[in-house]
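Letters A, B, ... are given to chains in the order of the sequence lines, protein chains preceding strands, and every chain is numbered from 1.
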Amino acid sequence: MSAEAIRQVVNHALTGMGVEDADVRLEEPKDPTHGDLATNVALTLAKTLGRPPREIAEEIASRIGEEITSGGDTKDFGIESVSVAGPGFLNFKLSSAQVASELVEIIEADDNYGRSDEGQGEPIMVEFVSANPTGPLHLGHGRQGAIGDAIAGLLDWTGWSVSREYYYNDAGAQIERLAESVWSRYQQHFGQDAEIPEGGYHGEYVAEIAASLAEEHGDRFVGKQDGEALEVMREAAVRVLREEQDRDLSEFRIHFDVYFLESSLYEDGRVEATADALRETGKVYDLDGAVWLRTTEYGDQKDRVMIKGDGSPTYFLPDVAYHMDKWGRGFHHAINVQGADHHGTIARVQAGLQALGLPAGYPEYVLHQMVRVEQDGKEVKLSKRAGSLTTLRQLMTAVGVDVTRYFFQMRKADGHLVFDLGLALDQSDKNPVYKVQYAHARMCSIFKKAGLERSSIGTEGVDLDVLTTDGEREVIKALARFPDLVSNAARLRAPHLICDYLEQTAGAVNSWYHAGNPSRNPDLAVLVEDERLRNARLALARSVQIVLRNGLAILGILAPEQMARADED
RNA sequence: GCGCCCGUAGCUCAGCUGGAUAGAGCAACGGACUUCUAAUCCGUAGGUCGCAGGUUCGAGUCCUGCCGGGCGCGCCA
């Protein structure tokens, strides 16, 4: 790309001024009248050179200007002009041909455009959702799923070898409460008096599971809360709820590589082994009948109990065992996506792992805030009644998978998400998802009208330098920003940046497209008579289609070739 | 009380490792459009970036303190 070339040109000029290896940073000015690329080297060098920044900038500009007019190599870099502005910025304006040359790269790379190899194929695990199988997935799980899956997508696009993992907390106290809750409903089914236990589950699904057990087993567990009865209840409840969650996730287009069962850590003795390993570190002590780990030595706010007075482990111990297992499987990079309400657990888990020799800061956490659904500015109450919105399934059914995913991804994970139901249901391009999808579909429709297979549209023999209108330039520059943006979003674990980019780009595309409305400005349409223009614009349309599709792919959202209109009534 | 996160336009939010006049969408206001290329398009206005200091050529961005909101601080997960 031209940025590297300009960097060389600037460095060359600086060498002539006695400055070697300056750190020349180029960025795209926000204001297009400032040119296509700009650098602030003159400002950063002002101190070391002991000269005013503007003076330095002037000298650099005139040295580069001389090269351009003397017809040296610089001419080939596509620099049309250099100017000094503001406190000492150097602004470069590129030739149309130079700007448009990005289209060659886009079309050539096609569905790889935007990929990079920063991860160098190293394994990385993204753990997300990880809901307990104690009920249906709700909106918070949905947000976590959409964010986690998009982060995994970003890592994949930046060259990591990504594994998506789901950790089922299918052991421990919550599952016992679930089994007891089913047991109570089962008793009630047979007209017995039974209360849902403290901390139990009141959802309708519990009664449904109980009813199906009653059908299968008859009344043989009535009045009997023994090990066998609870085991049957537990097994049935977990199985049913897992199936339901899997079905929801699959419909939500989320697929995990590994489902890890907490219970397996108990079964093969790794919880016990982890406790032993921690004891050997000497950071463990007994107090009040419990076993504690000195997590404060690793920055936790207080020491934590790892084995309770009754001899059973707290959740903390299997958590440490689980992450030791991740590390042992070769995942030296791991990201856990979690609700912000669990942030208190991070320090202790990391401390436990550090005690066992893992590096500080392992694993990495991405926390997300809760979801609030609003319509017409008022909160939609998440009641349990039918037809209301409390589960992921209900929301997906109401507004569709693409809209649900996108809305969950479009805000940075930190900070609450206001899910505007009215906007989500809007099918015009006020709805950001449709805005982007429309832009994509419009490009496809152009190809169809031209009678061209989109893969046949290329840049060979096409004069891209005829793409000179402001609208065209703006779109091309937006497209060229995509690869850097993907790297950036991946590094920051921030899918919302992709959403933001897609909306901006789609906006530029839509207005470019609308400007060429045949009834207004037929000259600006893509499919004009002039073959040179038409081919160049087709290449641009094809590039737009590629970039939008790739961006949506990262987010796990469809890029439709045409929009299906939902019937009004 | 301690810890983490958040505070940017009326609303919902962007703002990459500090850079030029702080951006977008919705809402508002003003025009245009009558079947075309896809459920309209173009434009205008809108701001003490919570407050106060500090760091420096330069701060929405970094540091400190305060104010406001959320979450966490179990031998619950």
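- Below 30°, between 30° and 60°, or above 60°: for Phe407(A) and Phe419(A) the angle between ring planes is between 30° and 60°, a tilted geometry.
- Separation of the P atoms belonging to rC42(B) and rA24(B) is 13 Å when rounded to the nearest angstrom.
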**OP:** Begin with the C-alpha distance, continue with both residues' side-chain angles, and end with the deciding distance and a verdict on side chain to side chain donor-acceptor pair (under 3.5 Å) for Arg115(A) and Asn550(A).
**Re:** CA-CA 9 Å; Arg115(A) 284 190 182 270; Asn550(A) 291 2; over 6 Å; no
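- Figure legend. rU40(B) is base-paired to rA32(B); pairs are counted as Watson-Crick or G-U wobble with both atom distances under 3.5 Å.
- The partner of rA45(B), taking Watson-Crick or G-U wobble pairs whose two distances both stay under 3.5 Å, does not exist in any strand shown.
- Nearest to the side-chain atoms of Gln562(A) among the listed nucleotides rA38(B), rC5(B), rC16(B) stands rA38(B).
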Subject >> Derivation and outcome, side chain to side chain donor-acceptor pair (under 3.5 Å), residues Gln350(A) and Tyr365(A) >> reply: CA-CA 10 Å; Gln350(A) 289 179 335; Tyr365(A) 286 84; 5.6 Å; no
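- Straight-line distance between the P atoms of rU8(B) and rG47(B): roughly 15 Å, to the nearest whole Å.
- A 3.5 Å limit on both hydrogen-bonding distances identifies no Watson-Crick or G-U partner for rG18(B).
- Nucleotides rC51(B) and rA9(B), compared at atom P, are 10 Å apart to the nearest Å.
- Residue contacts shown for Ala85(A) include a base, since a base heavy atom lies under 4.0 Å away.
- Of the candidate nucleotides rC6(B), rC36(B), rA20(B), rA20(B) has the atom lying nearest to any side-chain atom of Asn91(A).
- Among the atoms of the strands shown, base atoms are found under 4.0 Å from some heavy atom of Leu287(A).
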Original post:
Could you go step by step and tell me if His440(A) and Gln545(A) meet the side chain to side chain donor-acceptor pair (under 3.5 Å) rule?
Top reply: CA-CA 5 Å; His440(A) 179 269; Gln545(A) 183 262 320; 3.3 Å; yes
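- The shortest distance between the side-chain N/O atoms of Lys435(A) and the OP1/OP2 oxygens of rA24(B) is not below 4.0 Å.
- When distances run from any side-chain atom of Arg411(A) to the nucleotides rA77(B), rC13(B), rU17(B), the shortest one goes to rC13(B).
- Ile60(A) pairs in a side chain to side chain contact (heavy atoms under 4.5 Å, CB included) with only one of the listed residues (Leu90(A), Val24(A), Thr39(A), Val82(A)), which is Leu90(A).
- Closest to the side chain of Asn488(A), out of rA20(B), rA38(B), rC16(B), is rC16(B).
- In this structure, CG of Asn510(A) is placed 14 Å from C1' of rC42(B), rounded to the nearest angstrom.
- In this structure, NE2 of His368(A) is placed 15 Å from P of rC71(B), rounded to the nearest angstrom.
- Contact annotation for Thr39(A): no contact, since no heavy-atom pair falls under 4.0 Å across all strands.
- In this structure, the nucleotide among rC6(B), rA20(B), rA77(B) sitting nearest to the side chain of Asp414(A) is rC6(B).
- Put simply, Lys412(A) has no side-chain N or O that comes within less than 4.0 Å of OP1 or OP2 on rC5(B).
- Between Phe316(A) and Asp429(A), it is Asp429(A) whose nearest contact on RNA chain B lies nearer the 5' terminus.
- Of the candidates rG15(B), rA38(B), rC16(B), rC16(B) carries the atom nearest the Glu27(A) side chain, counting heavy atoms from C-beta on.
- Using a 4.0 Å heavy-atom cutoff across all strands shown, Arg304(A) reaches no nucleic acid atom at all.
- Under the 3.5 Å distance criterion, the side-chain polar atoms of Ser445(A) are left unmatched by any main-chain donor or acceptor of Ala441(A).
- Remark on RNA chain B: of its neighbouring residues Leu43(A) and Trp292(A), the 5'-side contact belongs to Leu43(A), judged by nearest-heavy-atom nucleotide.
- Not one side-chain nitrogen or oxygen of Lys302(A) sits closer than 4.0 Å to the OP1 or OP2 atom of rC2(B).
- The side chain of Thr345(A) lies closest to rA77(B) when the candidates are rA77(B), rC16(B), rC75(B).
- Considering only the side chain of Tyr315(A), rA77(B) comes nearest among rA77(B), rA38(B), rC75(B).
- Across all strands, Ala489(A) comes closer than 4.0 Å to no nucleic acid atom at all (heavy-atom distances).
- The nearest whole Å value for the distance from the NE2 atom in His496(A) to the C1' atom in rG15(B) is 9 Å.
- Between the CZ atom of Phe407(A) and the C1' atom of rC13(B) there is a distance of 12 Å, given to the nearest Å.
- Remark: C1' of rA77(B) and NE2 of His138(A) are 13 Å apart, rounded to the nearest angstrom.
- Distance, Leu497(A) CG to rG23(B) P: 18 Å, rounded to whole Å.
- The residue Asn40(A) sits close to a base: some heavy atom pair falls under 4.0 Å.
- Look at the P atom in both rU56(B) and rU61(B): the space between them is 16 Å, to the nearest Å.
- Residue His342(A) contributes atom NE2, which lies 23 Å from atom P of rG3(B) at whole-angstrom precision.
- When Watson-Crick and G-U wobble pairs are counted only if both distances are under 3.5 Å, rU12(B) pairs with rA24(B).
- The base-pairing partner of rC51(B), taking Watson-Crick or G-U wobble contacts with both distances under 3.5 Å, is rG65(B).
- Residue contacts for Asn517(A): at a heavy-atom cut-off of 4.0 Å it reaches a base atom on one of the strands shown.
- You'll find that the side chain of Gln369(A) is closest to rG70(B), out of rG70(B), rA77(B), rC41(B).
- Across all strands shown, rG58(B) forms no Watson-Crick or G-U wobble pair with both key distances under 3.5 Å.
- Rounded to a whole Å, the NE2 atom of His343(A) is 12 Å from the P atom of rC6(B).
- Taking the six-membered ring for Trp and thresholds of 30 and 60 degrees, Tyr285(A) and Trp292(A) have nearly parallel ring planes, at less than 30 degrees apart.
- Which of rG19(B), rC75(B), rA77(B) sits closest to the side chain of Asn132(A) comes down to rA77(B).
- Aromatic pair Tyr501(A)/Phe482(A): centroids less than 6.0 angstrom apart.
- Within 4.0 Å of Ala38(A), counting heavy atoms only, lies at least one base atom of the nucleic acid.
- Just one of Asp319(A), Asp276(A), Asp325(A) meets the salt bridge (Lys or Arg N to Asp or Glu O under 4.0 Å) condition when paired with Arg270(A); it is Asp325(A).
- Only the P atoms considered, rA20(B) is 26 Å distant from rC26(B), to the nearest whole Å.
- A cation-pi arrangement is found for Arg242(A) relative to Tyr168(A), the charged atom lying closer than 6.0 Å to the ring centre and inside a 45° cone about the ring normal.
- Using the Watson-Crick or G-U wobble rule with both distances under 3.5 Å, rC4(B) pairs with rG70(B).
- Lacking a ring centre under 5.5 Å from that of the base six-membered ring together with a plane angle below 30°, Phe89(A) does not count as stacked on rG19(B).
- Nucleotides rA59(B) and rG54(B), compared at atom C1', are 11 Å apart to the nearest Å.
- Among the atoms of the strands shown, none is found under 4.0 Å from any heavy atom of Ser312(A).
- Using atom C1' as the reference point in both rA22(B) and rG31(B), the two lie 28 Å apart (nearest Å).
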